[in-house]
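Pasting a structure below so you can have a look.
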Amino acid sequence: MNEDYLSKDTIIAPISGLSGGSVHLIRISGTKAVEITSRFFSNSRFSRAEKNRFFYGQLVNEQNEPLDDVIVLLYRKPHSYTGEDVVEISCHGNILITEQIIELYLRQGCRLAQPGEFTKRAFMNGRIDLVQAESIASLISARSEKALKNAIQQLEGKFSLEIKEIKQDLIQSISLLELNLDFAEEDIEVIEDQQVLKLIDKIMNKIERYLNSYQQGKLLLNGVQVLITGKPNVGKSSLMNALLEKDRVLVSDIPGTTRDFVHDEIYLENVLVKFIDTAGIRISDDKLEKEGIKRAEKLFSDVDLILFLFDASQPLDDEDFYLIKKLKDFKEKVIFVGNKIDLNFLEENKQYLGERPLLKISAKNRTNIESIKNQIKKIIQKTDTQQVIISNERQYGLLKKAREELKRAKNTLTQKTGHEFVAMELREVVDLLSEITGEITNEDILNNIFANFCIGK
Ligand SMILES: Nc1nc2c(c(=O)[nH]1)N(C=O)[C@@H](CNc1ccc(C(=O)N[C@@H](CCC(=O)O)C(=O)O)cc1)CN2
Ligand SMILES: Nc1nc2c(ncn2[C@@H]2O[C@H](COP(=O)(O)OP(=O)(O)OP(=O)(O)O)[C@@H](O)[C@H]2O)c(=O)[nH]1
Ligand SMILES: [Mg+2]
């Protein structure tokens, strides 16, 4: 597939952020990258260079009008990110300059790169495998230090290597099982069932460990989402401000002060925590309010933690009960927070709250806000970053299938249905693992993966 792929379009895209920075970076990859650049770049040593190097000079357009003073980086195939000839232009950080340069290349026969297309080419040209490609996307979007560490490990090939080792073990057993078949008539056992069973168990353990890391992996990758809900005027926005340690949201004694979602973030233990303050939920016939409530309730299933806030100085009322009932389905992630304890704490409310944690705070006086942060820290359990953590849904799905297939193989072996079936099932596991690293794949799957990358990756 390689040669074919190399000969395709020359593609271009900005690869740095386009707002704020003082320098922008543009990448051009493909056969025309060097030739086009040499026609519009003032530094004559550029086109003669054989090796990767950088050059300083002026970039001009077709009318010889200067576009910018730039640094051009030359990467000769296959020694580049994509494995093709690559030119990177580092220009001044003005979107107008960047656009003019890109338009020049488009007029000269390049086309804009699709999201993830550079990385897709790197994969197609064998520079990286699929796990590594996906780790680049995780690396960019990681919302915690641990997720970042894990992504870097995967980019270095740690997970890919472990998969390769598992596959080698499997392939060895498969060939021994097949050898057994050849010698079946002569009654020679090349491999004992017990040995194969032991191997299957060993591999199942490894896969189980990957699967178990997924929930935590996703959390570390995306950060923790915490929703603050409760009826109007119980102090949700006050709590939001207390958690953020700033006056982010408007607070007032008029019920219905917050009308839409307000979110903001902090880092706790190097994990991004996103708080969402919502409009107070009340039983209402008002169309607009009903819609707001519907949207808030949709968030119940999306978030990782729900803080149900109530006024602890007052008896719980129908509006509180309405919400408590709604939250029953999400019980395992709800924390009850009794606010306004500076006024009073009514013990009688406790009986309605079940066995979930109950925290007592005063948002206004910022009392006991730490107890909430401690509950969030509990979610961010101690994770061992020495081990591979899975955070990718595709990889998770394939690992689950591999586990099922291993179970099947184990069954077949213990039921002594025949070694040829065991071998077949183990081969299926090998294929599933090959799909993870992308040795086995198809165009649709690939397009799907890379389409979710950002532009310029
Ligand atoms: N300017 C720039 N910075 C960047 C990237 C990039 O593409 N360009 N990266 C993009 O994500 C990351 C680094 N990843 C890269 C990986 C491989 C090669 C590369 O050209 N490798 C060749 C050449 C090495 C050499 O000349 O010594 C090779 O390995 O053969 C470049 C960047 C982060 N920073
Ligand atoms: N005494 C006391 N008053 C509080 C406390 N927390 C909030 N309040 C007051 O309660 C009123 C409502 O506070 P908000 O934070 O705006 O309440 P909310 O739940 O966001 O209200 P809506 O946005 O209208 O749903 C304000 O007057 C706050 O000053 C508290 O811990 N103690
Ligand atoms: Mg509010």
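Just so we're clear, the structure is a prediction, and the values are computed from it rather than from any experiment. Computed over heavy atoms, backbone and side chain alike; hydrogens, waters and symmetry mates excluded. For ligands, and for the atoms within them, numbers begin at 1 and follow the listed sequence.
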### Ile254 neighbourhood, listing ligand 2 atoms whose heavy-atom distance to it stays under 4.0 Å
24 (O)
### Query
What do you reckon, does Lys51 put a non-hydrogen atom under 4.0 Å from ligand 1?
no
### Task
Kindly state if atom 27 (O) of ligand 1 has a protein heavy atom within a strict 4.0 Å cut-off, that is, under 4.0 Å?
no
### Task
Kindly state if atom 23 (C) of ligand 1 has a protein heavy atom within a strict 4.0 Å cut-off, that is, under 4.0 Å?
yes
### Task
Please could you name the atoms of ligand 2 that Lys236 approaches to less than 4.0 Å, counting only its heavy atoms?
15 (O), 17 (O), 18 (P), 19 (O), 20 (O), 21 (O), 22 (P), 25 (O)
### Summary
For Pro255, the ligand 2 atoms with a heavy-atom partner under 4.0 Å come out as 24 (O)
### Task
Run the numbers for me: atoms of ligand 2, each under 4.0 Å from some heavy atom of Leu343, listed by number.
1 (N)
### Query
Taking only heavy atoms of Ser237, which atoms of ligand 2 are found under 4.0 Å from at least one of them?
15 (O), 18 (P), 20 (O)
### Query
For atom 7 (O) of ligand 1, is the nearest protein heavy atom closer than 4.0 Å?
yes
### Message
Can you check which of Lys231, Met240, Lys340 brings a heavy atom nearest to atom 8 (N) of ligand 2?
### Response
Lys340
### Task
Note the single closest protein heavy atom to atom 29 (O) of ligand 2, along with its residue, its atom name and the distance in Å.
Val251 CG1, 3.9 Å
### Atom indices of ligand 2 within 4.0 angstrom of Val234 heavy atoms, with elements
19 (O)
### Message
Which residue and atom name correspond to the protein heavy atom nearest atom 15 (O) of ligand 2, and how close is it?
### Response
Ser238 OG, 2.6 Å
### Query
Nearest protein heavy atom to atom 26 (C) of ligand 2, by residue and atom, and its distance?
Ser252 O, 3.4 Å
### Task
Could you tell me whether the side chains of Tyr396 and Ser391 share a donor-acceptor contact shorter than 3.5 Å?
no
### Message
Strictly less than 4.0 Å: does any protein heavy-atom distance to atom 4 (C) of ligand 1 fall in that range?
### Response
no
### Task
Can you sort out which atoms of ligand 1 are near Asn52, meaning under 4.0 Å from one of its heavy atoms?
23 (C), 25 (C), 26 (O)
### Message
For atom 30 (O) of ligand 1, is there a protein heavy atom at a distance under 4.0 Å?
### Response
yes
### Task
For Asp264, enumerate each residue passing the side-chain hydrogen bond (donor to acceptor under 3.5 Å, both in side chains) test, keeping only those at least two apart in sequence or located in another chain.
Lys246, Arg248
### Message
Taking side-chain contact (heavy atoms from CB on, under 4.5 Å) as the criterion, tell me which of Ser90, Ser16, Cys91 meets it with Val23.
### Response
Ser90
### Query
Phe118 and Phe453: ring pair (Phe, Tyr, Trp, His ring centres under 6.0 Å), yes or no, with the steps?
CA-CA 10 Å; Phe118 292 114; Phe453 277 51; over 10 Å; no
### Query
What residue and atom, counting heavy atoms only, is the protein's closest point to atom 21 (O) of ligand 2, and at what distance?
Asn233 N, 3.0 Å
### Query
Of all the non-hydrogen atoms in the protein, which one sits nearest to atom 6 (N) of ligand 2, and at what distance?
Asn339 ND2, 3.1 Å
#### Entry: atom 32 (N) of ligand 2 - nearest protein heavy atom and its distance
Asp342 OD1, 2.8 Å
### Query
Heavy atoms of the protein only: does one fall short of 4.0 Å from atom 10 (C) of ligand 1?
yes
### Query
Do Val388 and Lys158 have side chains that get closer than 4.5 Å, going by heavy atoms?
yes
### Query
For the side chain of Asp85 and the backbone of Lys77, is there at least one donor-acceptor N/O pair under 3.5 Å apart?
yes
### Query
Looking at Gly280, which atoms of ligand 2 are within less than 4.0 Å of one of its heavy atoms?
25 (O)
### Task
Using a 4.0 Å heavy-atom threshold (strictly under), name the region of Asp277 that reaches ligand 2: side chain, backbone, both or neither.
neither
